[in-house]
2 protein chains.
Amino acid sequence: MPARIDLEQRRRDVIEAAFRLLVSEGFSGVSLRKVAAESDLNIGSVRHYFDDHRSLLVAAVTEVGDRMGARLTRYPTDALAGLTGEAAVEALQRRLEELLPIDEERRVESIVLTEFIVAARVNPTFRPVTEQMAADMRLVITDALRVLEVGDPAEEAERIIAVLGGLILDSVTPHGSLGVERVRTTLRAHLRSTLRTTPAPIDD
Amino acid sequence: MPARIDLEQRRRDVIEAAFRLLVSEGFSGVSLRKVAAESDLNIGSVRHYFDDHRSLLVAAVTEVGDRMGARLTRYPTDALAGLTGEAAVEALQRRLEELLPIDEERRVESIVLTEFIVAARVNPTFRPVTEQMAADMRLVITDALRVLEVGDPAEEAERIIAVLGGLILDSVTPHGSLGVERVRTTLRAHLRSTLRTTPAPIDD
DNA sequence: CTCTTTTTGTCACACCTGTGATACCATTCG
DNA sequence: CGAATGGTATCACAGGTGTGACAAAAAGAG
């Protein structure tokens with residue numbers, strides 16, 4: 001059987017093309033014909049690697065989910081044990097910056113993820129992936145805060161998740177001109193306040 | 001000339017129908033024919049009140065922008081002057097809850113706004129409105145923090161905006177099962193920390 | 001070589017979209 | 001009354017969509 005073609009690689013290429021379309025045209029711009037053109041393939045070929053339009057999209061959201069999951073677990077939580085003050089802030093900051101659109105690669109993933117999250121509101125097909133991601137994120141952050149001995153880790157994790165989500169949406173979408181530096185410093189400020197570094201200078 | 005029909009009211013009805021479609025089917029579900037069906041009108045009538053598909057959407061995003069703007073300026077900022085502690089938290093909380101999807105009306109507006117914000121990333125048509133909204137929000141919150149004599153109001157406003165955005169996205173989208181109560185308490189917790197009420201109970 | 005299986009390519013179909021161009025109705029004005 | 005105008009209703013067209021059904025090509029297996 002002629003299996004010259006690396007099937008997995010081809011699928012990856014097609015998904016990558018879908019990512020580019022997601023970025024440039026948004027969710028509704030990802031049609032089979034456009035994906036075929038973007039990946040320099042015939043629509044017949046694309047349909048050979050993906051049964052459906054739907055299954056292509058599911059593969060795409062799964063891919064971005066996997067990548068985000070990998071970013072989440074890149075740094076072991078145990079390594080946070082014992083850290084305090086600015087060292088704790090920096091360690092946590094490094095972990096969470098993995099999820100922020102601070103470079104082109106992460107920007108693409110953030111956009112793709114955002115498009116799917118919004119699409120999932122109406123299209124239940126994508127919910128398993130987005131819900132799994134949200135659950136993983138909640139768990140990892142909560143655990144990290146617990147190891148760092150933060151009071152009420154669940155509540156503080158909720159706030160951090162909200163901050164992350166807001167920052168991602170703001171910087172990905174062009175309504176606030178929220179630059180990379182601003183995103184990072186805003187996150188850092190929030191982490192400092194969460195970890196109760198800088199003991200609240202009250203000025204009166 | 002037979003002007004029996006209240007033109008503005010009709011336009012409002014159509015926009016309301018567009019809102020319902022935005023909620024139930026998302027941005028790409030808002031077609032002229034569907035809007036016509038949803039508003040119990042003929043497509044010819046819809047096109048009589050709105051030249052374009054595009055101009056209908058612009059009218060819709062403008063409407064939601066106006067409503068959000070009204071919510072932002074509902075409470076005068078001056079009324080915050082002199083407030084401290086829990087009173088300040090509650091006052092600010094009440095203002096900001098206007099923007100959160102805490103009831104059905106606000107939920108619809110949040111969804112509509114979210115759909116347009118995401119759409120605006122790729123479709124520059126909607127940017128003027130979304131950018132104006134973001135600017136207004138930034139200004140109002142910054143002013144409020146200034147009146148409440150918070151240090152570095154701009155930076156703290158940025159964080160509050162991020163929290164609001166994240167909470168809205170999380171509660172509107174079904175990936176985290178973030179209930180109304182949880183949204184409110186999370187916001188309140190953040191405002192308490194911003195206004196430095198509850199002087200950080202460290203437990204060791 | 002032939003056979004088999006993968007990969008590519010092409011039609012056609014039904015459906016939905018926005019839109020241009022109308023016609024028709026109804027009501028108010030002169 | 002007639003006429004003008006706001007409102008309603010259709011039709012047709014070009015363009016895009018996913019998909020079913022194929023055929024053609026290409027390359028390893030025997």
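All chains are named by letter (A, B, ...) in the order of the sequence lines, taking the proteins before the strands, and each is independently numbered beginning at 1.
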Q: Spell out, as yes or no, whether a donor-acceptor pair under 3.5 Å connects the side chain of Arg127(A) to the backbone of Ala120(A).
A: yes
Q. Restricting to pairs with a member in residues 58-74 of chain B, which pass salt bridge (charged side-chain N to carboxylate O under 4.0 Å, His left out), not counting sequence neighbours?
A. Glu16(B)-Arg67(B), Glu63(B)-Arg67(B), Arg67(B)-Glu109(B), Arg71(B)-Glu98(B), Arg71(B)-Glu105(B), Arg71(B)-Glu109(B), Arg74(B)-Glu98(B)
Identify all pairs in which a protein N or O lies below 3.5 Å from an N or O of nucleotides 10-18 of chain C, and state each distance.
from: dT17(C); atom 1: OP1; to: Ser31(B); atom 2: OG; distance (Å): 3.0
from: dG18(C); atom 1: OP1; to: Leu32(B); atom 2: N; distance (Å): 3.3
from: dG18(C); atom 1: OP1; to: His53(B); atom 2: NE2; distance (Å): 3.2
from: dG18(C); atom 1: OP2; to: Leu32(B); atom 2: N; distance (Å): 3.1
from: dG18(C); atom 1: N7; to: Arg33(B); atom 2: NH1; distance (Å): 2.8
from: dG18(C); atom 1: O6; to: Arg33(B); atom 2: NH2; distance (Å): 3.1

Q: For dT8(C), take OP1 and OP2 only and decide whether either is under 4.0 Å from a side-chain N or O of Tyr49(A).
A: yes
(Q) From CZ of Phe50(B) over to P of dT8(D), roughly how many Å is that when rounded to an integer? (A) 13 Å
Q: Would you kindly give the CG-to-P distance between Asp13(B) and dG7(D), to the nearest whole Å?
A: 13 Å
Q. With sequence neighbours excluded, what pairs up with Glu97(B) under the side-chain hydrogen bond (donor to acceptor under 3.5 Å, both in side chains) test?
A. Gln93(B), Arg184(B)
Q: Please state how far atom CG in Asp6(B) lies from atom C1' in dG6(D), giving the value in whole angstrom units.
A: 14 Å
Q.
Rounded to whole Å, please give me the gap between CG in Asp40(B) and C1' in dA9(D).
A. 15 Å
Q) Who pairs with Glu156(B) by side-chain hydrogen bond (donor to acceptor under 3.5 Å, both in side chains), at least two apart in sequence or on another chain? A) Arg159(B)
Q.
Output the rounded distance in Å from NE2 (His48(B)) to C1' (dA21(C)).
A. 16 Å
Q | Qualifying ring pair (Phe, Tyr, Trp, His ring centres under 6.0 Å) pairs, either residue in residues 117-137 of chain A, two or more places apart | A | Phe27(A)-Phe126(A), Phe116(A)-Phe126(A)
Q: Quick one: which residue pairs count as a side-chain hydrogen bond (donor to acceptor under 3.5 Å, both in side chains) with a foot in residues 34-46 of chain A, not counting sequence neighbours?
A: Arg20(A)-Glu38(A), Glu25(A)-Lys34(A)
Q | Phe27(A) CZ - dT17(D) P separation (whole Å) | A | 14 Å
